[in-house]
Amino acid sequence: MARPKKQTVDYYPHSSTQGKAMFIIKSKYGNEGYAFFHQLCEVLCHTDGHVIDYGNPSDKEYLLAYCGVSEQSATEMLNTLSTLGKIDADLWINGYIWYQNLV
């Protein structure tokens, strides 16, 4: 019997150069925004299918606890990430977090 196809990753590249979106996140939210983005990527990496259902209370609570931020801060940062095109805006409107460039 074949092994099931893995839907998670153990590693993602973290570039030493920053683009416009990360500069804006750091300017608006400081190190909390920078850390939130990279911790969000970590959670997406070890989540089946690389998508977070932010409307699911347990998924939301896990993300907030993992990143160490309040719901208000997370929602503000996710809105900004959506506006900047870092997460999929159409999915975010429906409560899902998907970052195509990570996949």
Side-chain angles (χ1 to χ4, degrees):
M1 178 155 93
R3 287 178 41 181
K5 188 173 180 180
K6 188 174 178 182
Q7 292 288 317
T8 61
V9 296
D10 299 322
Y11 167 83
Y12 76 97
H14 180 138
S15 177
S16 62
T17 58
Q18 297 176 17
K20 177 172 66 173
M22 189 52 55
F23 182 81
I24 293 168
I25 291 295
K26 281 178 56 178
S27 294
K28 284 183 87 165
Y29 305 106
N31 283 333
E32 181 178 64
Y34 178 84
F36 176 79
F37 175 74
H38 288 289
Q39 289 173 314
L40 171 64
C41 289
E42 291 171 5
V43 173
L44 285 166
C45 282
H46 64 251
T47 300
D48 277 346
H50 310 295
V51 64
I52 298 168
D53 181 356
Y54 199 69
N56 178 313
S58 65
D59 290 348
K60 180 191 292 186
E61 285 299 316
Y62 176 69
L63 178 65
L64 299 176
Y66 188 93
C67 296
V69 297
S70 69
E71 182 176 351
Q72 179 181 350
S73 291
T75 302
E76 287 176 19
M77 289 186 275
L78 288 163
N79 285 335
T80 301
L81 289 168
S82 171
T83 301
L84 296 172
K86 283 302 228 185
I87 63 171
D88 187 283
D90 293 330
L91 290 174
W92 173 236
I93 288 170
N94 294 305
Y96 295 94
I97 304 168
W98 170 262
Y99 179 30
Q100 179 62 44
N101 287 345
L102 181 67
V103 178

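Heavy atoms only, all atoms of each residue included: W98 and G49 are closest at CZ3-O, 3.2 Å. Residues V43 and I52 approach most closely at CG1-CD1, 3.6 Å, considering heavy atoms. Nearest heavy-atom pair across H38 and M22 is NE2-CE, 4.4 Å. When all heavy atoms are compared, the tightest approach of A21 to L84 is O-CD1, 3.8 Å. Scanning all heavy atoms of the two residues, the minimum distance from I25 to Y34 falls at CG2-N, 4.0 Å. Here the closest non-hydrogen pair linking H50 and L44 is ND1-O, 3.0 Å.
Heavy atoms from other residues, nucleotides or ligands lying under 6.0 Å from CG of N31 number 12 at most. Counting heavy atoms of neighbouring residues, nucleotides and ligands inside a 6.0 Å radius, atom CZ of F23 does not exceed 12 of them.
In terms of modelled atom types and a separation under 3.5 Å, the side chain of D59 and the main chain of G55 share no donor-acceptor contact.
The side-chain heavy atoms of V69 and Q39, taken from C-beta on, include no pair separated by under 4.5 Å. Using a 4.5 Å heavy-atom cutoff, the side chains of D88 and Y99 are not in contact. L78 places a side-chain heavy atom less than 4.5 Å from the side chain of F36.
Atoms CD1 and CG, on I97 and L81 in that order, are 9.0 Å from each other to the nearest 0.5 Å. The structure places CD of E61 at 9.0 Å from OH of Y54, a figure rounded to the nearest 0.5 Å. Residue L63 holds its CG atom at 10.5 Å from CD of E71, rounded to the nearest 0.5 Å. For the atom pair CD (Q72) and CE (M77), the distance works out to 10.0 Å, reported to the nearest 0.5 Å. Rounding to the nearest 0.5 Å gives a distance of 13.0 Å between CD of Q100 and CD1 of I87.
Considering only residues two or more places apart in sequence or on other chains, Y29 meets the side-chain hydrogen bond (donor to acceptor under 3.5 Å, both in side chains) condition with T80.
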